[in-house]
Amino acid sequence: MGLRSFFGILPPKLFYKDVSAPVELLPVPEKITLLWYRRTPSDLAVGVGTEVETGQDLARNGRGPFVSTVTGHVDEVNTFLGVDSREYLAVQISADQKDNFDPSLPAVEDLSEAKPETLRASVNRAGFTALKSIIRDPRVWPAIDALIISVLDLDPLSIVNQQIFRDNTDQVQAAVELLARTTEASRCVLAVPDNLAGIASKVSTGAATVAMVPPVYPNGLPEILAKNCGAGLLMKTYDTGFAGNTVVVSLEHALAMVSSLQTGRPMLEKTVTFSSGKGELQNFRVRIGTPVGEILKRASVNPQPKGKLILNGTMRGYACFSDEQPITATTESVHVQEPSEVFFFQNTQCTNCGKCNAICPVDLEVNLLGRLSEYGIYDKCRGLGIENCVECGLCGYVCPASRPLVQFLTRAKQGLSEEAQEPAGMEEALECNACGPVCPAIRLFDTESDKEDSPKA
Amino acid sequence: MKLLRTFTKGLWEELPPFRLVLGLCPVLAVTKSAETGLGMGLAVIFVLTCSNVLVSCLRNVIPRKVRIASYIVIIASFVVMVELASQAFFYKIYESLGIFIPLIVVNCIILGRAEAFASRNGIIPSALDGLGIGLGFTMSLTVLGAIREILGAGTLFGTQVMWSSFRPFTFMVEAPGAFISLGVLLALMNAFSKTQQS
Amino acid sequence: MKALDLTVSPAPHCHCGARITRVSYNILLALIPAMAMGFYYYGFDALRVVAASMGSAMLAEAAIQSILRKPITIADGSAAVSGLLLALILPASVPLYLVVVANFVGIVVGKQCFGGLGANPLNPALVGWAVIRITRAWAGYLDFDLALVNYETGFILQYPLAVLKAQGSAGVAHFSLMDLFLGKQVGGIGSSAIIWLLLGGLYLVVRGVIRWEIPLSFLIGVAVIAGIFWLGDRTSYGSPIFNILAGNVMIGAFFLSTDNASSPVNQWGMLVFGFCCGAMTVVLRSWSIYPDGVVFACLLMNLFVPLLDKIKKKQPLPPALSPVTPPVMSKSAEERSAS
């Protein structure tokens with residue numbers, strides 16, 4: 001696994017990796033797939049066969065932005081069930097090796113003079129879907145209190161932001177200042193893991209304060225960062241239903257946003273960390289929409305039958321069933337597990353050991369919540385602060401009974417929000433089971449495969 | 001047929017301590033041996049049948065507002081008869097039952113049958129009901145008492161049934177033993193009726 | 001999209017490796033030195049009790065689970081642990097049928113009736129011990145002075161706590177505290193091997209199998225309350241150190257009271273639980289008819305666990321959610337107010 005954990009008087013700790021791996025740029029693949037969350041083909045301005053240019057907005061007027069990351073022609077438009085079991089609109093584009101940039105891409109003329117509104121409009125046009133919360137309507141949303149630019153990664157197996165911080169130290173200061181101006185945040189924080197303190201000291205902070213964060217998972221998660229260095233609550237986009245006043249942006253996205261302001265070009269490439277059971281971590285920079293298979297090919301690792309291919313890290317990520325799964329702007333890492341490393345949950349009952357309580361970063365009573373949710377008593381979960389759960393996965397990671405605790409908590413949250421009957425426009429709870437019939441190997445509860453716990457003759 | 005059902009329902013379907021889970025105080029307290037259990041049961045049969053009959057006779061006379069007090073007066077008079085009789089003829093059992101004979105007055109089975117059955121039915125059904133429920137109660141108490149006596153003292157109705165070197169498991173005649181054996185019997189009965197149903 | 005033959009399951013995709021089996025087997029491992037001391041002093045008799053106890057505990061668990069048509073989980077080792085714990089607090093001379101009955105009652109009534117591992121409100125080993133202790137005809141077997149009179153062990157064949165109870169602190173003056181600490185005292189098969197229990201318990205704490213809060217506060221509870229008694233009346237009560245080193249305190253602090261299912265999970269709850277266990281131990285030693293009170297103190301405090309679990313860190317405030325209105329609606333509201 002490559003995860004370091006300590007046992008003893010203190011609960012185990014998952015440390016972020018402190019390694020440096022050069023970023024290798026991969027060539028543009030023949031075909032890319034762009035995903036658009038919960039849209040239909042009618043939202044597109046293009047159809048099958050249309051020639052597109054790099055940076056072109058594919059969305060029909062006013063529905064976007066949804067930018068193409070390559071030059072080529074549209075091959076296929078269909079719906080797609082993503083790894084997170086949400087429905088996406090997928091646009092497949094056959095890519096040319098050479099990029100023709102859309103000539104209409106607007107670059108901001110005079111960055112130092114531009115108004116925040118102009119800057120925000122420009123960032124919005126560049127299609128930063130992951131940053132939707134910043135590009136907001138100030139009449140609806142409260143003012144941003146704190147902007148946190150995070151050098152920490154989301155998963156212990158990802159070193160993307162660390163590596164970018166090492167490589168682009170000189171650009172950080174300008175980026176921070178420009179973003180602070182764009183968002184009009186009253187406070188700007190650069191969150192740096194302790195192990196990069198040496199590099200951080202070289203950055204002249206200017207408007208931003210530098211917060212040193214212990215490189216322990218889950219300190220890099222936006223919710224935890226917001227709690228520890230911000231104004232407390234994370235601002236999320238309106239379709240998740242939570243409104244806070246802190247915005248967390250990863251360093252990679254921050255730099256891409258700044259570069260889009262400077263050049264007008266949208267974020268075309270994403271850096272991902274590749275890891276497998278053996279071997280070092282590798283960083284690859286790929287065009288957004290590249291199938292995962294390209295990275296596997298370059299790293300010459302093939303997932304074995306009954307193994308796992310995990311996007312976005314082992315703690316919170318998703319296992320995918322195909323190597324054609326595209327890399328999106330939010331994909332942080334690709335991890336391949338051997339069949340022997342694959343971990344299965346068990347349908348055993350809670351032994352009340354309290355390990356989950358001890359490790360929970362938001363101090364929930366996970367043992368109680370897990371049992372309440374197991375038996376469908378969701379009302380009692382509300383008073384126990386279940387809304388604070390960040391789904392970091394640590395409770396499931398430490399549970400000696402191998403219970404699917406994260407899923408229990410998620411189910412309770414889902415049950416509560418179903419009861420509350422969310423207003424339209426919020427994320428609806430998808431329980432379509434569409435993945436069931438097509439899934440090659442759904443094995444959530446597989447008691448027989450756990451050889452260790454089965455009685456030996 | 002209906003009369004027969006009135007009688008037999010107390011033997012299984014509405015078996016007082018196990019099905020209705022009523023009157024547990026004497027069930028737990030006096031079943032230290034089969035003998036005391038049986039004695040208590042017989043006393044309850046007598047009181048229950050007689051009070052059911054009398055309550056049934058007077059059901060149209062007793063004003064509704066003072067019915068509980070009246071039932072208690074009726075039950076108490078029979079209890080006093082039982083107490084005096086047992087004092088005279090079965091002094092040993094009287095001693096081991098102690099306070100629990102006078103406490104029959106407030107036994108919820110007897111009050112419950114008077115309220116729920118005898119005050120709404122004729123004399124013969126009430127008598128049969130009292131007899132049936134009383135027999136069921138006696139049976140349960142005797143079985144429970146026998147189990148506790150055999151394990152806890154090695155005897156049954158005072159005669160040695162276990163081997164001579166048996167060191168009795170006196171835990172069973174202590175209070176926790178009563179709870180545990182009652183619980184186990186309840187569980188067995190529920191399991192049995194579950195298999196009957198399915 | 002072409003599907004590969006891959007496993008798909010939800011996050012987290014990795015695990016720290018802790019298993020219920022490992023918890024149990026670590027506890028068994030930690031108890032081995034104490035058990036070996038029992039074998040050394042009491043020979044075959046001790047072996048006989050330990051084997052019968054572990055065997056009957058596992059047999060009881062397997063039997064009740066097959067009757068109830070549940071998966072048989074004796075491989076998780078929890079039944080073996082409670083069997084061994086029960087054996088270690090019994091004297092070596094105890095008849096085997098007693099051990100078997102205690103284990104059956106402990107496992108069936110104390111554990112499986114409540115729903116098995118994790119759902120038991122009481123520690124099954126303690127339930128088993130309590131059953132034979134309150135059985136009047138059998139309690140004599142648990143009297144260490146009577147039970148162990150025929151053994152050649154090389155140390156004083158008097159149960160220190162019984163001597164304390166009968167003769168006051170003057171009677172126990174000839175027990176050297178060092179001997180007590182090294183396990184040279186009359187007691188259960190394993191519960192008198194103080195130093196080995198301490199080492200085994202520390203091993204468990206270091207491995208993260210048990211939390212440090214309960215043992216520490218247990219020992220502090222014993223020391224504080226014993227200290228109060230001792231300062232009040234030095235002639236009839238033992239010193240705090242004597243109270244910790246004699247009897248079942250060490251096995252109680254590290255092994256009996258730390259059973260996962262029957263102890264609190266939150267830090268303050270555990271501290272209070274441990275302290276009260278220790279305090280009750282001394283109170284029972286001083287005022288009850290029993291020379292030692294560890295088992296009953298633990299059982300009593302087990303009953304308070306649901307209450308103690310309510311002592312917890314202040315819950316983080318739930319996010320102060322201003323119910324988020326979709327943008328269009330608020331816009332129109334603003335327009336309306338403007339017009």
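Basis for what follows: all heavy atoms, side chains included, without hydrogens, waters or symmetry-related copies. Chain identifiers are assigned alphabetically (A, B, ...) following the order of the sequence lines, protein sequences preceding nucleic acid strands; residue numbering begins at 1 within each chain.
- Ranked by heavy-atom pairs under 4.5 Å with chain C, the list A:Ile386, A:Leu405, A:Leu394, A:Ile310 is led by A:Ile310.
- Under the 3.5 Å distance criterion, with hydrogens and angles disregarded, no donor-acceptor pair is assigned to the side chains of C:Asn302 and C:Asn123.
- With chain C as partner, the option from A:Pro291, A:Gly354, A:Ala319, A:Gly396 having the largest number of non-hydrogen pairs under 4.5 angstrom is A:Ala319.
- A:Lys308 and C:Ser9 share a donor-acceptor pair across their side chains, judged by distance under 3.5 Å alone.
- Neither the backbone nor the side chain of A:Cys395 comes within contact range of chain C; no heavy atom of the residue lies under 4.5 Å from a heavy atom of that chain.
- Proximity to chain C (any heavy atom under 4.5 Å) is shown, for A:Glu391, by neither the backbone nor the side chain.
- Interface residue A:Cys353: backbone and side-chain heavy atoms are both found under 4.5 Å from chain C.
- In this structure a side-chain-to-backbone donor-acceptor pair under 3.5 Å is present from A:Arg403 to A:Thr348.
- Ranked by heavy-atom pairs under 4.5 Å with chain A, the list C:Gly77, C:Ser78, C:Gly118 is led by C:Gly118.
- A donor-acceptor pair is defined here as one N or O able to donate and one able to accept, closer than 3.5 Å; no such pair exists between the side chain of A:Thr33 and the backbone of A:Gln92.
- In terms of modelled atom types and a separation under 3.5 Å, the side chain of C:Asn120 and the main chain of C:Gly110 share no donor-acceptor contact.
- Judged purely by atom type and a 3.5 angstrom limit, A:Asn352 has no side-chain atom pairing as donor or acceptor with the backbone of A:Asn367.
- Considering only heavy-atom pairs separated by less than 4.5 Å from chain C, the leading option among A:Asp323, A:Val406, A:Val342 is A:Asp323.
- Contact of C:Thr73 with chain A is not made at all, since no heavy-atom distance falls under 4.5 Å.
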